[in-house]
Amino acid sequence: MQQREVDIAIIGAGSAGLSAWHAASKHSDRVVLIEGGEYGTTCARVGCMPSKLLIAAAEAAHQARDAGGFGIKVIGVEVDGRAVMARLKQERDGFVGRVFKSMQRIPEANRLQGHARFEDPHTLRVGEHTRVKARNIVIATGSRSTWPKMFDAAGDRLIINDDVFEWDDLPESIAVFGPGVIGLELGQALHRLGVRLRVFGVGGALGPFRDAKVREAADATFNEEFYVDPDARVEKIERDGDAVVISFIERQSGETLTERFDYLLAATGRRPNVDRLDLENANLALDDKGVPHFNRFTLQCRNTDDGPSHVFIAGDANQELPLLHEANSEGRIAGDNAGRFPELRAGRRNVPLAIVFSEPQMATVGEGYAELEKRLGGCDCLAVGEASFADQGRAVVMRQNRGLMRLYAEHGSGQFLGAELFGPRVEHMAHLLAWAQEQKLSISEMLAMPWYHPVLEEGLRGALHDLNANLQLGPAITERCMECGPGD
Ligand SMILES: Cc1cc2nc3c(=O)[nH]c(=O)nc-3n(C[C@H](O)[C@H](O)[C@H](O)COP(=O)(O)OP(=O)(O)OC[C@H]3O[C@@H](n4cnc5c(N)ncnc54)[C@H](O)[C@@H]3O)c2cc1C
Ligand SMILES: NC(=O)c1ccc[n+]([C@@H]2O[C@H](COP(=O)([O-])OP(=O)(O)OC[C@H]3O[C@@H](n4cnc5c(N)ncnc54)[C@H](O)[C@@H]3O)[C@@H](O)[C@H]2O)c1
């Protein structure tokens, strides 16, 4: 067994680990980056990028089919599944290739391949070949898909997102379990590419929404396009030959249906990769899911005696905000602090922002509605404003006039606190709102910003006006806004 002594060891060469490496290497040359799986990052290989490539192809098919609504005849839209998957893989490989290229800047001596686990708080065993003694350690091990045992009945027809991006062709049918972020993004895309689809959920959850009104709007809208039951009653999952056979109570009719699918896609959440690290040897205080307690500004973990640890945790591994931009920024903070330990710096954390690339898109900004309700609802301190996209001018022009947005603010201060958005291209509005919140703008200050015409953002202005009125800081718009453009 080889022995290495380093200042900083980083476990996981994903997005968080790579950011951590760059930050840590500003403090020392003796930094080692350990990867136990494939290089290239989850985001580029099997996450953000291939999913967006599939969605882009689906959008093209959808637009071609929808062209008739504009008086444009497109005859015979045909999806060539092999060509769709070939383009996806080619572009995906390009993104992965760019990660490989940037990794070449990391000297080979600073990279180590193998699965790392703790032998003691400062010692990692990497595979069966190397023992690394490190002054400080960053855990950046990401997350993986998780599913209930009953899905195992589908055998090798049970798949996760990773498998979809390995297909050479599109299947005929798929049953998606989990109408969360991954399930709706991939499910809708596959449906638009001609794959027969059913989506099953539990407990009524849908996408990232916690506000029942927005969730109901999304539920109704998606159900106009494909079958999704957020509170499904699935009676049986079986394997029959090459098919997965699912018996379920159909939402509308209440009848039991039995259908055959090529695959069962488990999109029922992800769990942090902290269970195979032998953390019991690391002297870390763990929560009930086995995730180390940590400080979200320094990413420093705590020891079992509640004292500060020399171990840091970043990215999906800590489960706080399993998103790419958070993994990057947490990696940077954790790597920097591992480099300067025991002198730490509190890192700047941005306003929470999450976007789902379904159509209509879904987005959440700021503090979640459920937490706001709990914190401010009781004292009647929470004001809500909303606007529908149903008659929003630009959305009507584009035939994308579906959706609802709800914005939240604090009574008295008029401070913007958060939003749940469901509508066309809300990715842009979500950014505007997050930036406004970073600047601590009040609703009146946001309304005083420039608004072009005719744009989708005018819909956002409507929601802000409504919120301002509910804050009792301005008049409600009861009729069509006289100062606005047509369809505003
Ligand atoms: C289908 C899908 C779509 C997504 N789309 C988006 C999106 O559009 N926008 C967005 O913001 N986010 C998206 N995400 C989330 C985003 O991909 C993740 O938040 C991000 O990639 C997490 O980065 P990470 O560095 O924490 O983990 P990873 O990139 O997974 O890196 C962790 C690394 O650690 C390695 N590792 C694990 N255990 C060990 C060990 N013991 N020893 C050594 N190495 C180990 C793993 O092999 C892996 O390479 C998506 C995720 C999925 C699955
Ligand atoms: N656009 C993006 O930013 C993007 C895209 C994909 C993934 N991600 C990240 O990946 C994370 C994981 O995504 P995800 O979709 O796996 O998780 P999720 O938590 O968003 O959704 C899981 C869904 O599965 C449901 N579920 C749980 N058990 C079930 C069961 N037995 N049967 C049916 N449904 C069940 C849950 O109620 C929930 O709706 C996201 O939280 C997000 O952070 C982000």
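Just so you know, residue 1 is the first one in the sequence shown, and it goes up from there. Numbering of ligands and ligand atoms starts at 1, following listing order.
- Within the 4.0 Å heavy-atom criterion, both parts of C48, backbone and side chain, lie near ligand 1.
- D211 and Y408 share a donor-acceptor pair across their side chains, judged by distance under 3.5 Å alone.
- Considering only non-hydrogen atoms, atom 30 (C) of ligand 2 lies nearest to T268 out of T268, L321, L186, D316.
- No hydrogens or angles considered: a donor-acceptor pair under 3.5 Å links the side chains of E225 and Q188.
- No N or O atom of V356 sits closer than 3.5 Å to an N or O atom of ligand 2.
- Distances from atom 16 (O) of ligand 2 to the protein include at least one heavy-atom value under 4.0 Å.
- Per-residue contacts place G178 under 4.0 angstrom from the following atoms of ligand 2 (heavy atoms of the residue considered): 23 (C), 24 (O), 25 (C), 33 (C), 34 (N).
- Residue contact check for ligand 2: A354 places no non-hydrogen atom closer than 4.0 Å to it.
- Of the polar atoms of D316, at least one N or O is found under 3.5 Å from an N or O of ligand 1, judged by distance alone.
- For atom 19 (O) of ligand 2, the closest non-hydrogen atom of the protein is G269 CA, 4.5 Å.
- In summary, the atoms of ligand 1 found under 4.0 Å from a heavy atom of P322, numbered by their order in the structure, are 15 (C), 19 (O).
- Residue P322 has at least one N or O atom closer than 3.5 Å to an N or O atom of ligand 2.
- Residue-level proximity to ligand 1 for E326 is absent, since no heavy atom of it falls below 4.0 angstrom.
- For R270, every heavy-atom contact with ligand 1 shorter than 4.0 Å involves the side chain, none the backbone.
- The N/O atoms of E185, backbone and side chain alike, include one that comes under 3.5 Å of an N/O atom in ligand 2.
- Close N/O approach between I355 and ligand 2 is found [any backbone or side-chain N/O within under 3.5 Å].
- Of the polar atoms of V181, at least one N or O is found under 3.5 Å from an N or O of ligand 2, judged by distance alone.
- An N or O contact shorter than 3.5 Å is missing between A205 and ligand 2 by distance.
- In this structure, R196 forms a cation-pi arrangement with F261, its terminal cationic atom sitting closer than 6.0 Å to the ring centre and no more than 45° off the ring axis.
- In this comparison of G37, G127, A116, G36, the heavy atom closest to atom 41 (N) of ligand 1 sits on A116.
- Ranking the protein heavy atoms by distance from atom 33 (C) of ligand 2 puts F200 O, 3.4 Å first.
- Remark: ligand 2 atoms within the under-4.0 Å shell around heavy atoms of L323 are 3 (O), 43 (O), 44 (C).
- The nearest protein heavy atom to atom 36 (C) of ligand 2 is not closer than 4.0 Å.
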